[in-house]
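One structure is given below, encoded as structure tokens.
Residues take their numbers from the sequence shown, with the count starting at 1.
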Amino acid sequence: MNFSSFPKKILNYFKEVKTETKKVNWPTKKEATKYTLIVIAVIVVVSVFLGFLDIIFTLILDKFIF
């Protein structure tokens, strides 16, 4: 491995990252807020659903165990 070319490779890597970052279609603040709220809503719905299933299965198992 040639260590003298290592700093050039690192510099080239960051130049490429900067170039690619400019190509990204970044969401607007409104879009980011909307998508964040959607994710939070889905998390809440799934959590409630799984909690409900947990309660149901606990009640069923309690009837079999006791």
Side-chain angles (χ1 to χ4, degrees):
M1 182 174 184
N2 187 359
F3 288 108
S4 62
S5 67
F6 189 67
K8 290 179 185 178
K9 288 183 178 182
I10 292 176
L11 185 60
N12 187 35
Y13 171 77
F14 284 110
K15 284 181 183 178
E16 290 177 9
V17 167
K18 185 177 178 182
T19 302
E20 290 297 320
T21 304
K22 289 179 182 179
K23 296 178 185 178
V24 174
N25 184 12
W26 296 102
T28 63
K29 184 176 181 179
K30 186 177 180 180
E31 290 173 331
T33 303
K34 179 177 125 181
Y35 296 144
T36 301
L37 292 175
I38 290 170
V39 168
I40 291 171
V42 169
I43 289 171
V44 168
V45 168
V46 170
S47 298
V48 168
F49 176 72
L50 291 175
F52 178 73
L53 287 179
D54 183 48
I55 291 170
I56 296 298
F57 287 130
T58 301
L59 292 173
I60 292 170
L61 284 174
D62 282 344
K63 290 194 184 273
F64 284 116
I65 294 174
F66 297 110

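- For the side-chain hydrogen bond (donor to acceptor under 3.5 Å, both in side chains) with N12, the qualifying choice from K8, K9, E16 is E16, the only one to do so.
- Partners of I10 by side-chain contact (heavy atoms from CB on, under 4.5 Å), not counting sequence neighbours, listed by chain and number: F6, F14.
- Residues passing the salt bridge (charged side-chain N to carboxylate O under 4.0 Å, His left out) test with E31, sequence neighbours excluded: none.
- With rounding to the nearest 0.5 Å, the separation of NZ in K63 from OG1 in T58 is 12.5 Å.
- I56 meets the side-chain contact (heavy atoms from CB on, under 4.5 Å) test with F52, I60; sequence neighbours excluded.
- Residues that satisfy the salt bridge (charged side-chain N to carboxylate O under 4.0 Å, His left out) test with K22, not counting sequence neighbours, are absent from this structure.
- For T36, the side-chain contact (heavy atoms from CB on, under 4.5 Å) test picks out I40, with sequence neighbours left out.
- Across every non-hydrogen atom of P27 and A32, the tightest pair is CB-N, 4.4 Å.
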Legend entry - Check against side chain to side chain contact (heavy atoms under 4.5 Å, CB included), W26 and T21: CA-CA 9 Å; W26 296 102; T21 304; 3.8 Å; yes

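- Note on V46 and F57: same hydrophobic cluster, where clusters join Ile, Leu, Val, Met, Phe, Trp and Tyr whose side-chain heavy atoms are under 4.5 Å apart, directly or indirectly.
- Other cluster members for V45: none, since no ILVMFWY side-chain heavy atom sits under 4.5 Å from it.
- By the side chain to side chain donor-acceptor pair (under 3.5 Å) test, K29 is found to be paired with no residue, residues two or more places apart in sequence or in another chain being considered.
- Residues I55 make up the rest of the hydrophobic cluster containing L59, defined by ILVMFWY side-chain heavy atoms closer than 4.5 Å, directly or through other members.
- For I43, the side-chain contact (heavy atoms from CB on, under 4.5 Å) criterion is met by V39, S47, not counting sequence neighbours.
- Note that CG of L11 and NZ of K15 are 4.5 Å apart. Values are rounded to the nearest 0.5 Å.
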